[in-house]
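Here is the structure we will look at.
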Amino acid sequence: MCGECRDLLNEAMNLAVRSEQFEGQRRREAALDASVDPESWQASGQFDAYVQRHNARHPSSRIATRSMTMHLWVQDQYDKDLASWRGRAAAHLSQCNDSRQEP
């Protein structure tokens with residue numbers, strides 16, 4: 001694996017972590033939106049207990065433990081970073097693959 005491949009892999013892992021954080025926030029919002037009385041569910045501490053149980057049972061689809069207001073620019077920057085990474089990764093990997101196939 002060349003240095004640029006390692007850099008692209010590292011960047012992909014960072015993007016995956018950011019994406020999972022966004023998904024955790026979306027799951028939190030969806031769970032609260034589905035509640036009849038989200039304010040009292042949170043105030044009573046029962047929502048926190050629900051989040052802990054859910055995260056223990058479903059580690060691959062965790063709910064964020066704290067509420068964060070996701071600003072549009074954060075999502076926009078993530079989308080731009082992802083698009084940039086996809087283009088660079090595709091270009092580099094096709095070059096790496098082409099160089100390996102040459103005799």
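We count residues from 1, following the sequence as given.
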With Ser44 via side chain to side chain contact (heavy atoms under 4.5 Å, CB included) - residues at least two apart: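 Only Gln46 meet the side chain to side chain contact (heavy atoms under 4.5 Å, CB included) criterion with Ser44.
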Side chain to side chain contact (heavy atoms under 4.5 Å, CB included) against Ser84, all qualifying residues, sequence neighbours excluded: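 With sequence neighbours excluded, Ser84 shows a side chain to side chain contact (heavy atoms under 4.5 Å, CB included) to Arg88, given in chain and number order.
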For Arg18 against Tyr78, the heavy-atom pair lying closest together: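 Nearest heavy atoms, Arg18 then Tyr78: NH2-CA, 3.1 Å.
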Which atom names give the shortest non-hydrogen contact between Gln25 and Ala64, and what distance separates them?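 Closest approach of Gln25 to Ala64, heavy atoms only: NE2-CB, 3.1 Å.
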Asp33: partners by side-chain hydrogen bond (donor to acceptor under 3.5 Å, both in side chains), with sequence neighbours left out: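 Asp33 satisfies side-chain hydrogen bond (donor to acceptor under 3.5 Å, both in side chains) with no other residue.
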Under the side-chain hydrogen bond (donor to acceptor under 3.5 Å, both in side chains) test, residues paired with Ser40 that sit two or more places apart: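 Counting only residues at least two positions away or on another chain, Ser40 forms a side-chain hydrogen bond (donor to acceptor under 3.5 Å, both in side chains) with Asp37.
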Do Phe22 and Trp85 land in one hydrophobic cluster if side-chain heavy atoms of ILVMFWY residues count as linked below 4.5 Å?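 Yes; Trp85 is reachable from Phe22 via cluster members.
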Would Leu8 and Leu82 show up in the same hydrophobic cluster when neighbours are defined by side-chain heavy atoms closer than 4.5 Å?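 Leu8 and Leu82: one cluster.
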Give me the ring orientation class for Trp41 and Tyr50: parallel if the planes are under 30° apart, tilted from 30 to 60°, perpendicular past 60°.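 Taking Tyr50 first and then Trp41, their aromatic rings sit tilted (interplane angle of 30° to 60°).
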Checking [X] side chain against [Y] main chain: does a donor-acceptor pair fall under 3.5 Å?
X	Y	answer
His92	Gly87	no
Asn55	Ile63	yes
Ser94	Ala90	yes

Given the rule in the side chain to side chain contact (heavy atoms under 4.5 Å, CB included) test, do Leu93 and Cys5 qualify, once you have shown the distances and angles that lead to the verdict? CA-CA 8 Å; Leu93 292 176; Cys5 286; 4.1 Å; yes
Under the salt bridge (Lys or Arg N to Asp or Glu O under 4.0 Å) test, which residues partner Arg62, sequence neighbours left out?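 For Arg62, no residue satisfies salt bridge (Lys or Arg N to Asp or Glu O under 4.0 Å) once neighbours in sequence are set aside.
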Applying salt bridge (Lys or Arg N to Asp or Glu O under 4.0 Å), name anything that partners Glu23, two or more places apart in sequence or on another chain.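 Arg26.
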Between Glu4 and Cys96, does a side chain to side chain contact (heavy atoms under 4.5 Å, CB included) hold up when you go through it step by step? CA-CA 10 Å; Glu4 190 167 349; Cys96 272; over 6 Å; no
What verdict does the side-chain hydrogen bond (donor to acceptor under 3.5 Å, both in side chains) test give for Asp48 and Gln52, after you've listed the backbone C-alpha separation in whole Å, the side-chain angles of each residue and the deciding distance to 0.1 Å? CA-CA 6 Å; Asp48 291 335; Gln52 288 178 350; over 6 Å; no
Residue pair Gln77 / Asp81, side-chain donor-acceptor N/O under 3.5 Å: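 Gln77 vs Asp81: donor-acceptor pair found between side chains.
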